[in-house]
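Quick caveat, the model's predicted, so the values are computed rather than measured. All values below come from the heavy atoms of this structure, side chains included, with hydrogens, waters and symmetry mates left out.
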Amino acid sequence: MRSELLLEMRDITKTFPGVRALTNASLRVGSGEVHALIGQNGAGKSTLIKILTGAYRRDSGSVVFAGASVDFRSPQAAQIGGVSTIYQEVNLVLYRSVAENIFMGREPKRFGLIDWKRMNQEAKVLLERFNIFIDVTQPLGSYNIAIQQMTAIARAVSVKAKLVVMDEPTSSLDDAEVEVLFDVIRQLKASGVSVIFVSHRLDELYAVCDFVTIMRDGQTVLESPIKDIGKLELVAKMLNRDLSDVQSSGQTGFTARTRNASDGALRLEASDLQRGRALRGVSLSIHEGEIVGLAGLLGSGRTETARALFGADQLSSGQVAFDGRQKQFKTPGDAIQAGIGLCSEDRKLEGIIPYLSVRENLTLALLPQLAKNGVVDRARQAEIVNRFITRMGIKTAGADQPIRELSGGNQQKVLLARWMCLNPKLLILDEPTRGVDVGAKAEIQSLIQELAMDGLSVLMISSELEELFEGSDRVVVLRDGQSVATLTHDQISQESIMQAMAHGATINAGTGVNLESAL
Amino acid sequence: MAQKALIQKPNLFLAFVQQQGALLAFVALLIFGALRYEGFFAVYNFAELLRYNSMFGLVALGMTFVIMTGGIDLSVGSVAALTSVLAAQLSPHGLWIALFLPVLAGMVLGFVNGLLIAKLKILPFIATLAALLAARGLAFLAANNQSVSVATDTGFTDFGQGNILGVPTPALLMFAAFLIGVLVLRFSSFGRHVLAIGGNEEASRLMGLSVDQIKIGVYTLSGALAGLAGVILASEFGAGQPTEGSGWELAAIASVVVGGTLLTGGKGSVGTTLVGVLLLGLIFNVLNFENGYGLISLSSYWQSVIRGGFLLVVVILQTRLTKGQKI
């Protein structure tokens, strides 16, 4: 039986220049209810939450909160109205003390002056409720991320909100800390406070939530008591897959090819990679000329695996062998030297240099080899650039066009070319076709396939099942930082991938999936 | 699950040097001067030192608050020049008019800076650079390109040249301003929010702080204090001086940095800025004595070089000693 509604967001539409982020999205939360909000990247969760908390303004639709129609104009207004938010990245001031961070903006006062004694005392008591015993007068930055996150939670709870929004609060907490957080959530629930809980960890959702709302492509696709829906169905809804219809093909630029996994030489073998809570035992291998797909929900450790293999993050334990030799790449430079390239997920942030030309962007990594006595050999540079523009089918007005003027798909091709001109042995592609239009997507996919035919090994991270299903020779599935399944040959199907994403190795539902032991 | 702080117990001595590096240098220089020069450790010398440096102190106080938000105010010197001219021109019309209207003018200029920075999102460097140029031009226009004598019959010059209980009036004013500054930073929401904004502006916004108002507030404060410095300038030297004040902004920034306030904002102290001002002033004073000694003769250009060197040494000491300590 559901209690009365505390929050009802209806028909929310929000458009950003060129993008429709939300179309008639809705969200209903009962009072004293813990409500899970889930969806893929770009599904519109964050936008919906930001509209609720006043960080964005909606284009149309209505929000009824605590019985009154509201339209929060700023985070401040939402806080006063009773909605308090914990953001995914800790949004606090590291130089200031723990106590100040909890009470910033509503400092206890005495005769008009800040009452430090009371503030520190109250902060201490508040944190002790969460089993945290620390010196609250120390700068927040002197504590680890988990304590910072708990401080954010303490702040949100202490404002006596009616609704606490938690946007992936557990991503930086360890298991014991997650338990403490769950206790806090239960305390909140018991005192009638509602919680919106965003997380990609399915087990957590089932552990603490009452209801779930699933979003996809800017729309709300399902609202249900969480006990009425299974994990597999949840994942299927999120990814927009009909459970009975998993054999569709021909949707990508990957042509049907004989999956010839593992007949080439072993190129890279990683075993039991560990790094904090993000990577808790990832093993995978890639052969020469093989495309290995890396599947998993958000937060399952895909990007972290890529970064660790590339030497961008240091492992706490685990082995990496490359071309038969034990390697430990300390920096991306080491990995590049060995013949590994990484196209990162965020093109704009980590890839392109927008105001530089296609020529400069393409040869950025190659420059040291192009230079003689510090002077770039322009003729050789031009020759290489032109060759790759043709080979990759990059549509540009000329090599000197600034890269920001190119379409997303063509920018991606330039980035691929940047690595290809280094003659790598292994290319790690993190979401190679995200944000690329349909035509260019197919082109990039067939390009990846061609490169693999020529002997390049590819590790392809993707959230798109078709891409994994049709493009990969093998698929490694990650779940909660562990590789839980390796699918080969005809084991690869959209359903088997989803099964592994949802259940990991705990259920082998007779799909012929070769599930590795999780631990 | 008892959580332990990750912070290692900081070395108390190093922490003290880091926080009070300017104070140590100041005391050392004071002892050096007292031992070496006759007449150095004298009431008259210190009184005049304080009188002269009170202008820089006030400007640096405003600058401290601006820098703590992560901003910068380049216009202070020009604003002081302009208000010194205004004060001189207003001095025949009564003491209080000459004291207050120029400060108000400085406030208005600072307020405009703040509006440009907070509302139009102009970079502080650019907005206050524009104000620097504009205020300098206005100073010359108002003064008709020459220094403006002050009226001697309204008691205006007593303000800058007089003493109260043996302490130069401008110095008293400076000490009072710093005392208020310390209290505001420590015990008012405004002060804490200034530090929060400099530490993480986006987080401050999300915490519901009135970021724009506070930014406008610090630039208005800086403008007002620069205006007051201009009034002292006119009163102390008996003339409004449109050419004065160039380089004050840099001296003020130097004092703030020597005092240990982070140039990126978010962390700092008002009291140590005062020490920074006095240290830079004392270096000047010691060099004057050294020149008077007759052994060497350093031009004022050399004095500038030496001040620059001191600035670097203090800052390097502060940063090197605390390397490895995260916050």
**Q.** A:Ile86 CD1 to B:Leu206 CG distance, which is reported to the nearest 0.5 Å
**A.** 12.5 Å
Q.
Can you confirm whether B:Phe111 is buried at CZ, in the sense that more than 12 heavy atoms of other residues, nucleotides or ligands lie under 6.0 Å from that atom?
A. no
Q) What heavy-atom pair brings B:Gly199 and A:Val93 nearest, and what distance separates the two atoms? A) CA-CG1, 3.7 Å
Q) If you look at every heavy atom in B:Ala196 and A:Arg96, which pair is closest and at what distance? A) N-CD, 4.4 Å
**Q.** Interface residues of residues 103-114 of chain A facing chain B - non-hydrogen atoms under 4.5 Å apart
**A.** A:Met104, A:Gly105, A:Glu107, A:Lys109, A:Gly112, A:Leu113, A:Ile114
(Q) For A:Leu92 versus B:Ala203, what's the shortest heavy-atom pair and its separation? (A) N-CB, 3.7 Å
Q. Any chance CE of A:Met119 has more than 12 other-residue heavy atoms, nucleotides or ligands included, within less than 6.0 Å?
A. yes
Q) For B:Arg186, is it the side chain, the backbone, both, or neither that has a heavy atom closer than 4.5 Å to a heavy atom of chain A? A) both
Q. What part of A:Asp115 gets closer than 4.5 Å to chain B, counting heavy atoms only: side chain, backbone, both or neither?
A. neither
Q | Heavy-atom check, side chain of A:Tyr95 versus side chain of B:Leu262, under 4.5 Å | A | yes
Q: Counting only heavy atoms closer than 4.5 Å, note whether B:Ser189 contacts chain A via side chain, backbone, both or neither.
A: both
(Q) If you count heavy-atom pairs within less than 4.5 Å of chain B, which of A:Glu128, A:Glu100, A:Glu179 leads? (A) A:Glu100
Q) With a cut-off of 6.0 Å (strictly less than), are more than 12 heavy atoms of other residues, nucleotides or ligands near NZ of A:Lys189? A) yes
Q: Could you check B:Met207 against A:Arg155 for side chain to side chain contact (heavy atoms under 4.5 Å, CB included), going step by step and ending with a plain yes or no?
A: CA-CA 9 Å; B:Met207 285 195 212; A:Arg155 176 184 170 85; 3.3 Å; yes
(Q) Just so I understand: if I count every heavy-atom pair under 4.5 Å between each of B:Ser210, B:Gly191, B:Ser188 and chain A, which residue has the most? (A) B:Ser188
**Q.** NZ/B:Lys121: more than 12 non-hydrogen atoms of other groups inside 6.0 Å
**A.** yes
